J.: 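Please see the structure below; I have some questions.
Excluded from the calculations below are hydrogen atoms, water molecules and symmetry mates; all remaining heavy atoms, backbone and side chain alike, are included. Because the structure is predicted, anything quoted here is derived from the model rather than measured.
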Amino acid sequence: MARNFRRDLVAQMKNRALIYLEIYDVLRKRLGAKKAEALLTEAIYRRGRSAGKPLARYAPADLDGLRKAFLAGVPGGKGIFKPQVLRCNAGLLEIQLHGCPLKDAWREAGLPPKKVAALCRIAGAVDKGLFEGAGFAFANRTWTPGARGCCRLLVRRA
């Protein structure tokens, strides 16, 4: 049962990745790559802001509480995105993600690395919105060609 749930969850995430790709391609064809990326990023960021509201109780400074709550809410637990806490202190929460079904879907679709990187930037906007919506400062180092792992999330006091 748990194996089927995880398989289905990963399949849903990969489907979402392919939806992002289709929307990006339609917008890119009509508006150009920069505008397409900007619009899709804005929409995904806005969704993240809404999702971040429950985490606001940890703002502005409880990074350890935020860490615990965020990790407890990662889809599929630790097995899918494989989060690794690199640092959690009074000034910085740093989490490296070692897995991402979205990136996997784009690579499986045969996309060139530059396009995968653009889609990672777009999809990473959800994390920016989530942490900023919760009342924290945030920087996301999304995957780039040649990099290992996936996103690196850097959360600070606002």
J.: If every non-hydrogen atom of Trp143 is compared with every non-hydrogen atom of Gly149, which pair is closest and at what distance?
T.: CD1-O, 3.2 Å
J.: For a quick test of reading the model, state the closest non-hydrogen atom pair linking Gly91 to Arg156 and the distance between them.
T.: O-CG, 3.5 Å
J.: Report yes if some heavy atom in the side chain of Tyr45 is under 4.5 Å from a heavy atom in the side chain of Glu132; otherwise report no.
T.: yes
J.: Can you find a pair of side-chain heavy atoms, one from Trp106 and one from Cys120, that are under 4.5 Å apart?
T.: yes
J.: In the single-linkage hydrophobic clustering (I, L, V, M, F, W, Y; side-chain heavy atoms under 4.5 Å), do Leu92 and Val85 co-cluster?
T.: no
J.: Can you find a pair of side-chain heavy atoms, one from Arg67 and one from Cys88, that are under 4.5 Å apart?
T.: yes
J.: Between Lys14 and Glu108 (salt bridge meaning N to carboxylate O under 4.0 Å), is one present in this structure?
T.: yes
J.: Measuring from atom CG of Leu39 to atom CG of Leu27, what distance do you get when rounded to the nearest 0.5 angstrom?
T.: 6.0 Å
J.: About how many Å separate CG of Asn140 and CG of Asp127, when rounded to the nearest 0.5 Å?
T.: 5.5 Å
J.: With rounding to the nearest 0.5 Å, note down the distance linking CD1 in Ile122 to OH in Tyr20.
T.: 10.0 Å
J.: State, yes or no, whether a side-chain contact exists between Val116 and Pro113 at a heavy-atom distance under 4.5 Å.
T.: no
J.: Between Gly99 and Cys150, which heavy-atom pair has the shortest distance, and what is it?
T.: C-SG, 3.6 Å
J.: Roughly how far apart are Arg46 CZ and Glu42 CD, rounded to 0.5 Å?
T.: 6.0 Å
J.: Compare every heavy atom of Asn89 with every heavy atom of Leu63, then report the nearest pair and how far apart it is.
T.: CD1-O, 3.4 Å
J.: Is there a path of hydrophobic side-chain contacts, each under 4.5 Å between heavy atoms, that joins Leu93 and Leu86?
T.: no
J.: Output, in order, the C-alpha distance, side-chain angles, deciding distance and verdict of side-chain contact (heavy atoms from CB on, under 4.5 Å) for Val10 and Asp104.
T.: CA-CA 10 Å; Val10 168; Asp104 294 343; over 6 Å; no
J.: Using modelled atom types only, decide if a donor and an acceptor are shared between the side chain of Arg6 and the backbone of Gly79 within a distance under 3.5 Å.
T.: yes
J.: Quick check: do Leu130 and Arg49 have side-chain heavy atoms less than 4.5 Å from each other?
T.: no
J.: Supply the atom-to-atom distance Glu94 CD to Gln84 CD, rounded to the nearest 0.5 angstrom.
T.: 9.5 Å
J.: Under 4.5 Å between side-chain heavy atoms, hopping through other hydrophobics if needed: is there a path connecting Leu31 to Leu21?
T.: yes
J.: Are the side chains of Phe81 and Cys151 in touch, meaning some heavy atoms are under 4.5 Å apart?
T.: no
J.: A quick test of your reading: do over 12 heavy atoms of other residues, nucleotides or ligands sit less than 6.0 Å from CZ of Arg141?
T.: no
J.: Which label fits Phe131 and Phe138: parallel for a plane angle under 30°, tilted from 30 to 60°, or perpendicular past 60°?
T.: parallel
J.: Leu153 and Phe70: side-chain contact (heavy atoms from CB on, under 4.5 Å), yes or no, with the steps?
T.: CA-CA 11 Å; Leu153 313 175; Phe70 175 74; 3.8 Å; yes
J.: In the structure I gave you, are the side-chain heavy atoms of Ile95 and Leu154 within less than 4.5 Å of one another anywhere?
T.: no
J.: Nearest 0.5 angstrom please: Asn15 CG to Ile19 CD1, how far?
T.: 4.5 Å
J.: If you take all heavy atoms of Ile80 and Gly76, which pair is closest and at what distance?
T.: CD1-CA, 3.7 Å
J.: What is the minimum heavy-atom distance between Ile44 and Ala123, and which atoms define it?
T.: CG2-O, 4.0 Å
J.: Heavy atoms, side chains only, cut-off 4.5 Å: are Lys115 and Asp25 in contact?
T.: yes
J.: Of Arg152, Arg148, Arg87, Lys82, which is the lone residue that meets side chain to side chain donor-acceptor pair (under 3.5 Å) with Gln96?
T.: Arg152
J.: Membership question, hydrophobic clusters at under 4.5 Å side-chain separation (ILVMFWY): are Leu97 and Leu71 in the same one?
T.: yes
J.: Using the side-chain contact (heavy atoms from CB on, under 4.5 Å) rule, take Leu102 and Arg16 through it: C-alpha gap first, then chi angles, then the decisive distance, then the call.
T.: CA-CA 7 Å; Leu102 287 81; Arg16 186 178 82 207; 3.4 Å; yes
